[in-house]
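Shown next, in structure tokens, is the structure this report addresses.
Heads up: numbering here begins at 1 and tracks the sequence.
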Amino acid sequence: MLTAAQVKAIAGPGAKPALVAAVVQGWSAAVSKAKLTTKNRACHFLAQIMTETGGLQILSESGAYKADRILHIFGQRHSAKIGPEEARRIAALPVAQRGPVLFNRVYGVGNPKKMREFNNTGPNDGWLYRGGGMMQCTGKNNYAAMAKKTGMPLVEHPELLHNPDSAFKAAYLEWICNAAADRDDVVAVRKIINGGTNGLAECKAFLAKAKKALAGYSVDEDEAPDSSSNRAETDLKLEPAPMPEAPVGPDGELILATKKKLDELGYHEFGTLDSEWGGRTVAAIAAYKLDRGMSGPAEIDDALTAQLNRDIADKWRRPIKDERAKATVNDLAPHNEAIKQNWWTRLWAKIVAIPAGVGAAVSGVMDKFPDAKANYIDPVMDFFVDVPGWLWFVVAAGAAAAIWIGTRKSDSAVVKDFQDGKLMR
């Protein structure tokens with residue numbers, strides 16, 4: 001139904017063979033899942049992925065920009081507001097280091113506005129969840145939304161959007177533009193995909209090429225598995241195809257040894273000290289390499305091991321920002337349920353301890369003044385003696401129960417924070 005020659009005619013001479021092959025080989029599945037059963041639908045779909053990939057040339061933002069390009073994209077009009085001096089400093093970094101530094105600065109922890117917008121709260125999330133795929137998804141929350149739509153584990157493995165086959169699969173499983181494509185409304189389709197009209201001129205050009213290349217395109221509706229409207233309009237439930245295997249990490253013993261070294265230096269992003277390889281381990285290595293000015297991907301190699309050993313021998317430790325180093329209970333209370341619960345527990349402890357302490361102190365002092373004690377303290381004590389004993393047990397039991405419940409809730413809050421990934425240890 002679609003040939004490599006047709007795809008190349010639409011994409012242009014710079015199209016990468018692996019991306020062309022992914023489109024051609026996955027086209028039957030795309031027709032089935034995304035209902036690309038008409039020329040308009042097929043052409044609009046292809047025009048969008050061509051626009052987002054620069055004519056099937058890129059699947060992820062590399063960040064290998066020169067200073068003027070960094071200023072143009074992330075300068076004063078962007079929330080990151082990178083200035084000329086910072087742009088030159090980033091552009092001077094080695095290419096392998098430039099991307100992580102730039103995207104963590106503009107999409108992640110270096111830009112609080114985008115960090116909150118994208119939920120890129122991890123130290124390397126800006127880089128891990130940079131623009132990727134044939135629909136250029138950006139930000140951890142958008143990766144999560146796409147994962148929900150497609151059934152692909154994109155949060156755990158964002159690198160799947162940098163793989164031609166899985167990137168194409170994600171694109172057609174997310175496609176919900178058939179109604180606008182049926183109207184041949186390129187502006188409406190662009191707004192659905194892009195959120196605006198950025199790249200509209202390029203998209204129109206690709207659409208014109210697609211209509212020419214696919215002049216005789218048609219799919220027999222009776223042969224299509226389901227000829228109903230698109231997924232968004234019919235709430236069609238799709239069973240995702242089998243996933244490509246996730247990248248395999250290094251040897252388990254090496255992973256555990258590396259984690260122990262990172263942990264000693266203050267990098268705890270991976271959470272549990274085990275031999276598992278995953279996104280949090282990658283984040284810990286990336287954070288360490290950024291702090292040490294090391295280039296290259298976040299992987300365990302001889303250079304990483306040697307630097308870790310040197311830093312441990314030199315007793316170097318992870319640099320901590322002043323606001324974190326000087327944080328108080330009051331600073332953390334609004335964000336931590338365990339601390340909030342501990343406040344109530346301490347309050348009950350005060351309710352029990354303060355009156356008892358004051359009573360003991362006053363009684364001890366007044367023993368030295370028998371007349372005053374007889375006139376002032378003894379009547380009060382007589383009153384309390386008249387209170388039924390069972391009532392005192394009830395008060396004591398109530399206070400103890402409140403403290404016990406408070407500590408249990410505090411424990412539960414800590415466990416939940418750990419399960420949700422907010423607490424690494």
Side-chain angles (χ1 to χ4, degrees), residues 62-64 85-86 88-111 115 120-130 156-159 246-329 331-332 336 414 417-418 421-425:
S62 70
E85 183 177 349
E86 185 180 9
R88 287 192 292 271
R89 179 176 61 80
I90 294 175
L93 295 171
V95 171
Q97 187 179 352
R98 196 181 313 167
V101 170
L102 175 62
F103 292 127
N104 286 323
R105 166 68 175 86
V106 300
Y107 294 151
V109 293
N111 182 2
M115 179 187 72
N120 285 342
T121 54
N124 202 37
D125 281 358
W127 169 248
L128 292 175
Y129 302 105
R130 64 195 184 278
E156 296 82 358
H157 295 288
E159 69 276 5
V248 178
D251 175 77
E253 291 184 5
L254 178 59
I255 295 171
L256 178 58
T258 302
K259 284 184 176 181
K260 288 180 178 179
K261 294 172 184 178
L262 288 166
D263 182 62
E264 184 174 344
L265 296 176
Y267 294 84
H268 314 300
E269 282 85 348
F270 49 77
T272 305
L273 277 168
D274 55 26
S275 59
E276 297 296 321
W277 177 264
R280 293 189 185 279
T281 305
V282 172
I285 294 173
Y288 171 71
K289 294 185 75 169
L290 285 173
D291 286 344
R292 302 308 284 146
M294 299 175 68
S295 60
E299 60 187 19
I300 301 176
D301 53 23
D302 292 342
L304 175 71
T305 301
Q307 186 64 49
L308 286 168
N309 292 336
R310 283 194 295 270
D311 284 340
I312 290 173
D314 295 340
K315 299 187 183 302
W316 182 88
R317 292 296 180 269
R318 184 178 196 169
I320 303 297
K321 292 183 178 180
D322 285 344
E323 57 264 33
R324 176 178 287 272
K326 297 176 181 178
T328 66
V329 169
D331 295 328
L332 299 179
N336 189 287
V414 171
D417 281 348
F418 181 82
K422 296 177 183 177
L423 180 67
M424 295 296 101
R425 285 290 171 83

>> Nearest 0.5 Å, please: how far is CG in Leu304 from CZ in Arg292?
In response: 11.5 Å
>> Donor-acceptor pair, distance only, cut-off 3.5 Å: does the side chain of Asn104 make one with the backbone of Gly126?
In response: yes
>> If we ignore hydrogens and angles and just use 3.5 Å, is the side chain of Thr272 paired with the main-chain N or O of Asp274 as donor and acceptor?
In response: no
> Checking Lys259 side chain against Glu276 main chain: does a donor-acceptor pair fall under 3.5 Å?
Replying inline: yes
>> So, using side chain to side chain donor-acceptor pair (under 3.5 Å) as the criterion, who are the partners of Asp125 when residues are at least two apart?
In response: none
>> Leu265 vs Ile312, test: side chain to side chain contact (heavy atoms under 4.5 Å, CB included). Steps then yes/no.
In response: CA-CA 7 Å; Leu265 296 176; Ile312 290 173; 3.9 Å; yes
> Any side-chain heavy atom of Leu308 within less than 4.5 Å of one from Glu264?
Replying inline: no
> Is the shortest heavy-atom distance from the side chain of Arg310 to the side chain of Trp316 under 4.5 Å?
Replying inline: no
>> Rounded to the nearest 0.5 Å, what separates atom CG in Asp311 from atom OH in Tyr288?
In response: 3.5 Å
>> Once rounded to the nearest 0.5 Å, what's the spacing between atom CG of Asn111 and atom CG of Asn120?
In response: 10.0 Å
> Please, which pairs that meet salt bridge (charged side-chain N to carboxylate O under 4.0 Å, His left out) have at least one residue in residues 90-99, sequence neighbours excluded?
Replying inline: none
>> For Asp302, is the CG atom crowded, meaning more than 12 foreign heavy atoms sit under 6.0 Å from it?
In response: no
> Atom CD1 of Ile90 and atom CD of Glu85: how far apart are they, to the nearest 0.5 Å?
Replying inline: 11.0 Å
>> Let me confirm one number: the CG-CG distance from Asp263 to Leu273, rounded to the nearest 0.5 Å.
In response: 5.0 Å
> Going from OH on Tyr107 to CZ on Arg130, what distance comes out if it is rounded to the nearest 0.5 angstrom?
Replying inline: 10.5 Å
>> Between Asn124 and Leu290, is the side chain to side chain contact (heavy atoms under 4.5 Å, CB included) condition met? List the steps.
In response: CA-CA 9 Å; Asn124 202 37; Leu290 285 173; 4.1 Å; yes
> Do you know which two heavy atoms are closest between Arg318 and Ala287, and how far apart they sit?
Replying inline: NH2-CB, 3.8 Å
>> I need the minimum non-hydrogen distance between Asp291 and Pro319, along with the two atoms involved.
In response: OD2-CD, 4.1 Å
